[in-house]
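Here is the structure we will look at, set down as structure tokens.
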Amino acid sequence: MSEQPLYSSFTSEFKVRPDDIDMFNHVHNSTYFDYVLAARYEQMERFYGMSMEEFMAKGYGWVVRTAFVDYKRPLGLSDEFTVKTGIETINNKGCKVKFEIVNKKTNKISCDGWFDYVMIDLKTGTGMRITEEMIAKYSI
């Protein structure tokens, strides 16, 4: 049986803003998706050495195929939190990224889950094969 490669996880820090709050006075469920995407964009530049702008300039894009979020505890106004993400698997068409959002004050998980991304050709909008160069870049 072949061993699955291990990929690094990275952490970004954020603070809940007033426009993140819904009518129940906590972060709206869809905003957690935004937090994960913001963390991935930041982490692409800081840790993988390729910003989203550079990635797109090469004609590549990431689109979400499937997302799973397990909500555990809400975040509220001005809560500071971390978003930890890491690639779980990479295949020839995309990757699965796991995440965990933790409230810094309580050190408890607000939610966790994963995103299944497909790499696309921006010119055609269709899925494309991930190159060996790209796999190597994300395999840190």
Side-chain angles (χ1 to χ4, degrees):
M1 178 158 64
S2 67
E3 226 176 276
Q4 182 124 3
L6 296 176
Y7 302 99
S8 299
S9 292
F10 305 106
T11 303
S12 298
E13 295 188 12
F14 299 97
K15 185 175 182 177
V16 175
R17 302 174 340 166
D19 56 323
D20 296 339
I21 301 299
D22 66 12
M23 65 184 172
F24 303 114
N25 206 30
H26 56 69
V27 172
H28 188 269
N29 64 300
S30 66
T31 305
Y32 292 92
F33 286 81
D34 295 335
Y35 293 158
V36 174
L37 294 176
R40 287 306 292 170
Y41 290 161
E42 183 220 359
Q43 293 164 9
M44 283 178 70
E45 184 172 4
R46 277 183 53 206
F47 301 108
Y48 296 113
M50 181 184 296
S51 69
M52 189 61 174
E53 293 82 5
E54 291 174 71
F55 192 73
M56 292 172 69
K58 292 179 181 276
Y60 305 135
W62 289 115
V63 295
V64 175
R65 186 179 131 198
T66 308
F68 172 77
V69 181
D70 186 8
Y71 298 99
K72 300 174 186 315
R73 296 167 191 84
L75 289 171
L77 184 61
S78 298
D79 279 345
E80 294 179 354
F81 60 94
T82 59
V83 181
K84 181 177 178 181
T85 76
I87 293 175
E88 191 169 295
T89 59
I90 297 176
N91 60 43
N92 63 354
K93 288 277 190 171
C95 64
K96 186 174 186 178
V97 174
K98 61 186 175 184
F99 73 89
E100 182 178 86
I101 297 177
V102 175
N103 185 321
K104 287 180 68 174
K105 182 171 40 179
T106 64
N107 205 33
K108 294 193 176 191
I109 296 172
S110 180
C111 66
D112 58 13
W114 50 265
F115 283 71
D116 189 6
Y117 290 98
V118 174
M119 196 163 106
I120 63 164
D121 178 324
L122 290 179
K123 288 185 182 96
T124 65
T126 59
M128 63 181 290
R129 277 187 97 68
I130 295 181
T131 65
E132 289 300 318
E133 171 194 7
M134 207 51 74
I135 290 172
K137 189 150 211 53
Y138 285 100
S139 296
I140 58 172

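Heavy atoms only: backbone and side chains are in, while hydrogens, waters and symmetry mates are out.
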Problem - Chi angles and distances behind the side chain to side chain contact (heavy atoms under 4.5 Å, CB included) call for Phe99, Lys84 - result: CA-CA 5 Å; Phe99 73 89; Lys84 181 177 178 181; over 6 Å; no

Exercise for the section: Output, in order, the C-alpha distance, side-chain angles, deciding distance and verdict of side chain to side chain contact (heavy atoms under 4.5 Å, CB included) for Phe81 and Val16. Expected result: CA-CA 8 Å; Phe81 60 94; Val16 175; 3.7 Å; yes

Practice task
Evaluate the criterion side chain to side chain donor-acceptor pair (under 3.5 Å) for residue pair Thr82 and Glu13; output intermediate values, then yes/no.
Solution key: CA-CA 4 Å; Thr82 59; Glu13 295 188 12; over 6 Å; no

Handout entry: Stepwise side chain to side chain contact (heavy atoms under 4.5 Å, CB included) test for Phe14 and Glu80
Key = CA-CA 6 Å; Phe14 299 97; Glu80 294 179 354; over 6 Å; no

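The main-chain N or O of Ile140 is found under 3.5 Å from a side-chain atom of Ser8 such that the two form a donor-acceptor pair. With Glu54 contributing its side chain and Ser51 its backbone, the two residues share a donor-acceptor pair below 3.5 Å. Panel note: side chain Thr131, backbone Met134; a donor-acceptor pair is recorded below 3.5 Å.
In this structure, Glu42 CD and Arg40 CZ are separated by 11.0 Å, a value rounded to the nearest 0.5 Å. Separating the CH2 atom in Trp62 from the OH atom in Tyr41 is a distance of 11.5 Å, to the nearest 0.5 Å. Distance check, rounded to the nearest 0.5 Å: OH of Tyr117 to CD1 of Ile130 gives 12.5 Å. Distance check, rounded to the nearest 0.5 Å: NE2 of His28 to CG of Asp20 gives 11.0 Å. Taken to the nearest 0.5 Å, the CE atom of Met44 stands 9.0 Å off from the CD atom of Glu53. With rounding to the nearest 0.5 Å, the separation of CD in Glu132 from CG in Asn92 is 9.5 Å.
Closest heavy-atom contact between Lys98 and Ser9: CE-OG, 4.1 Å. Between Ala39 and Val83 the shortest heavy-atom distance is CB-CG1, 3.6 Å. Minimum heavy-atom separation, Arg17 to Leu77: C-CD1, 3.9 Å. Taking both residues in full, the closest heavy atoms of Ile109 and Val102 are given as CG1-CG2, 4.1 Å, listed atom of the first, atom of the second, then distance. Minimum heavy-atom separation, Lys96 to Trp114: CE-CD2, 3.4 Å. Shortest non-hydrogen contact noted between Ile135 and Ser139 is O-OG, 2.6 Å.
The environment of CG in Asn25 is sparse: at most 12 heavy-atom neighbours from other residues, nucleotides or ligands sit within 6.0 Å. Counting non-hydrogen atoms of other residues, nucleotides and ligands closer than 6.0 Å to CG of Asn107 gives a total of 12 or fewer.
Side-chain contact between Met50 and Lys58 is present, with heavy atoms from C-beta onward closer than 4.5 Å. When side chains are defined from C-beta on, Asp79 counts as touching Lys105, because their heavy atoms get closer than 4.5 Å. Contact of the Met56 side chain with the Leu122 side chain is registered, since non-hydrogen atoms from C-beta on lie closer than 4.5 Å. Between Lys108 and Asn103 there is no side-chain heavy-atom pair separated by less than 4.5 Å.
By the criterion of side-chain heavy atoms lying less than 4.5 angstrom apart, applied directly or through intervening Ile, Leu, Val, Met, Phe, Trp or Tyr residues, Val36 is grouped together with Ile87 in one hydrophobic cluster.
Looking at Arg73 and Ser110, their side chains never bring a donor and an acceptor atom within 3.5 Å of each other.
Here Tyr48 and Tyr138 bring their ring centres to under 6.0 angstrom of each other. Centroid-to-centroid, the aromatic rings of Tyr32 and Tyr71 come within less than 6.0 Å.
Contact check on Arg65 versus Asp116 returns a salt bridge, with a Lys/Arg side-chain nitrogen under 4.0 Å from an Asp/Glu carboxylate oxygen. Taking a cutoff of 4.0 Å between a charged side-chain nitrogen and a carboxylate oxygen, Asp112 and Lys72 qualify as a salt bridge.
Each of Phe33, Phe68, Tyr35 was checked for a ring-ring contact (aromatic ring centres under 6.0 Å, His included) with Phe115, and the lone residue meeting it is Phe33.
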